[in-house]
Amino acid sequence: MADEQKEKKNFLANETAFLEKYLAEKNIKTEKTPSGAFIQIINPGTGNLIDSGKYVSVNYTGISLSGKKFDSNTDTAFHHVGPYPFTVNAGQMIKGFDEAVMLMKAGGTAKVYVPSLLAYGGNPDPRSGIKPFEHLVFDIEIVDVKDKAPQQKPMRTQEPQIKIDAAQGQK
């Protein structure tokens, strides 16, 4: 187990170095997340940085580093248009995406460069078109920030309605 963790750490370090070189060659100024994704703030937005546990709605487009679009909630070709809500840092998103959102503010936009190990690693969904160990880029817009997810309304079960007809009386 320790050997596997060491190997992953070394692999991620190599991926991070590759992305650092790529970004330097393209003269793209970024900030590094704690785990090694890179975020380029396009529009800083307003208010405070988004904290872990906040409930956000985002618009996003995901592309491979080579430029192939694999998902978007702003492109009708992907059949799920509309802001995507999730709780930040609750394991609902890939780690690189989650960490980048925590460096953003309401209304902000950014481009995020995610090493494969902070995305889908060697096991992406085959239907996604993402190759194993492929680095990803996300364009993210923070549409809304709330303190917590909305309360789910409990499902109401209906009791059967039994009516007694007084005219029938007892037999």
Side-chain angles (χ1 to χ4, degrees), residues 5 8-9 11-13 15-20 22-23 26 28-65 67-125 127-130 133-156:
Q5 290 301 322
K8 278 186 178 181
K9 187 176 179 180
F11 193 86
L12 180 59
E15 288 190 327
T16 301
F18 172 83
L19 281 176
E20 284 174 333
Y22 171 87
L23 294 167
K26 303 252 184 233
I28 300 171
K29 304 289 183 227
T30 62
E31 181 179 343
K32 191 173 173 184
T33 71
S35 292
F38 297 88
I39 181 170
Q40 176 188 20
I41 301 292
I42 309 298
N43 170 13
T46 59
N48 296 323
L49 291 177
I50 297 169
D51 288 331
S52 180
K54 296 287 187 183
Y55 185 75
V56 299
S57 295
V58 300
N59 285 329
Y60 70 92
T61 297
I63 61 174
S64 65
L65 201 58
K68 182 180 182 285
K69 190 185 293 188
F70 63 85
D71 193 15
S72 176
N73 71 337
T74 61
D75 183 337
T76 57
F78 292 94
H79 310 290
H80 58 99
V81 176
Y84 182 79
F86 66 97
T87 301
V88 177
N89 207 24
Q92 298 171 349
M93 302 299 284
I94 60 171
K95 187 169 188 147
F97 194 107
D98 242 354
E99 285 189 350
V101 167
M102 289 190 287
L103 296 174
M104 298 178 73
K105 300 174 184 177
T109 56
K111 189 174 286 279
V112 183
Y113 300 84
V114 183
S116 78
L117 285 186
L118 299 180
Y120 301 101
N123 300 309
D125 183 331
R127 298 169 294 177
S128 70
I130 300 169
F133 300 107
E134 189 162 30
H135 306 304
L136 304 179
V137 180
F138 290 93
D139 289 311
I140 302 173
E141 173 191 13
I142 305 296
V143 176
D144 192 27
V145 180
K146 295 188 180 337
D147 284 334
K148 60 183 180 178
Q151 190 95 13
Q152 294 286 339
K153 291 183 179 180
M155 292 184 65
R156 232 171 79 182

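- Summarising the geometry of Asp139 relative to Lys111, their closest heavy-atom pair is OD1-NZ, 2.9 Å, with the distance given to 0.1 Å.
- Looking only at distances, a side-chain donor or acceptor of Glu15 sits under 3.5 Å from a matching main-chain atom of Leu117.
- The line from NZ of Lys54 to CG of Leu49 is 11.5 Å long, rounded to the nearest 0.5 Å.
- Closest non-hydrogen pair, Pro115 versus Thr16, comes out as CG-OG1, 4.4 Å.
- Taking the six-membered ring where tryptophan is involved, the planes of Tyr22 and Tyr113 are tilted, since the angle between them lies from 30° to 60°.
- Leu23 contributes atom CG, which lies 8.0 Å from atom CD of Gln40 (distance to the nearest 0.5 angstrom).
- Considering OG1 of Thr46 and CD1 of Ile142, their distance stands at 11.5 Å, rounded to 0.5 Å.
- For the side-chain contact (heavy atoms from CB on, under 4.5 Å) test with Ile140, the passing option among Thr109, Thr61, Asn59, Val58 is Val58; the others fail.
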* To do: For Ile94 and Tyr120, run side-chain contact (heavy atoms from CB on, under 4.5 Å): C-alpha distance rounded to whole Å, both residues' side-chain angles, the deciding distance at 0.1 Å, then the answer.
  => CA-CA 7 Å; Ile94 60 171; Tyr120 301 101; 3.5 Å; yes
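- The number of heavy atoms from other shown groups lying within 6.0 Å of CG (Asn48) does not exceed 12.
- Under the salt bridge (charged side-chain N to carboxylate O under 4.0 Å, His left out) criterion, Glu20 pairs with Lys32, sequence neighbours left out.
- Across Asn43 and Gly107, no two heavy atoms sit closer than the pair ND2-O, 3.4 Å.
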Please tabulate, one pair per line, all N/O donor-acceptor pairs under 3.5 Å involving side-chain atoms of residues 77-88, not counting sequence neighbours.
{"from": "His79", "atom 1": "NE2", "to": "Ala77", "atom 2": "O", "distance (Å)": "3.3"}
{"from": "His80", "atom 1": "NE2", "to": "Asp71", "atom 2": "OD1", "distance (Å)": "2.7"}
{"from": "His80", "atom 1": "NE2", "to": "Ser72", "atom 2": "O", "distance (Å)": "3.4"}

* Asked: So Glu134 and Phe70, side-chain contact (heavy atoms from CB on, under 4.5 Å) or not? Walk me through it.
  -> CA-CA 12 Å; Glu134 189 162 30; Phe70 63 85; over 6 Å; no
* Evaluate the side-chain contact (heavy atoms from CB on, under 4.5 Å) criterion for residues Leu65 and Val137: first the C-alpha distance (whole Å), next the side-chain angles of each, then the deciding distance (0.1 Å), finally the verdict. => CA-CA 6 Å; Leu65 201 58; Val137 180; 3.7 Å; yes
Going by atom type alone, with no hydrogens or angles, which donor-acceptor pairs under 3.5 Å involve a side-chain atom of residues 96-105 and a protein atom two or more places apart or on another chain?
{"from": "Asp98", "atom 1": "OD1", "to": "Asn89", "atom 2": "N", "distance (Å)": "3.1"}
{"from": "Asp98", "atom 1": "OD2", "to": "Asn89", "atom 2": "N", "distance (Å)": "3.2"}
{"from": "Glu99", "atom 1": "OE1", "to": "Thr33", "atom 2": "OG1", "distance (Å)": "2.6"}
{"from": "Glu99", "atom 1": "OE1", "to": "Ser35", "atom 2": "N", "distance (Å)": "3.0"}
{"from": "Glu99", "atom 1": "OE2", "to": "Ser35", "atom 2": "OG", "distance (Å)": "2.7"}

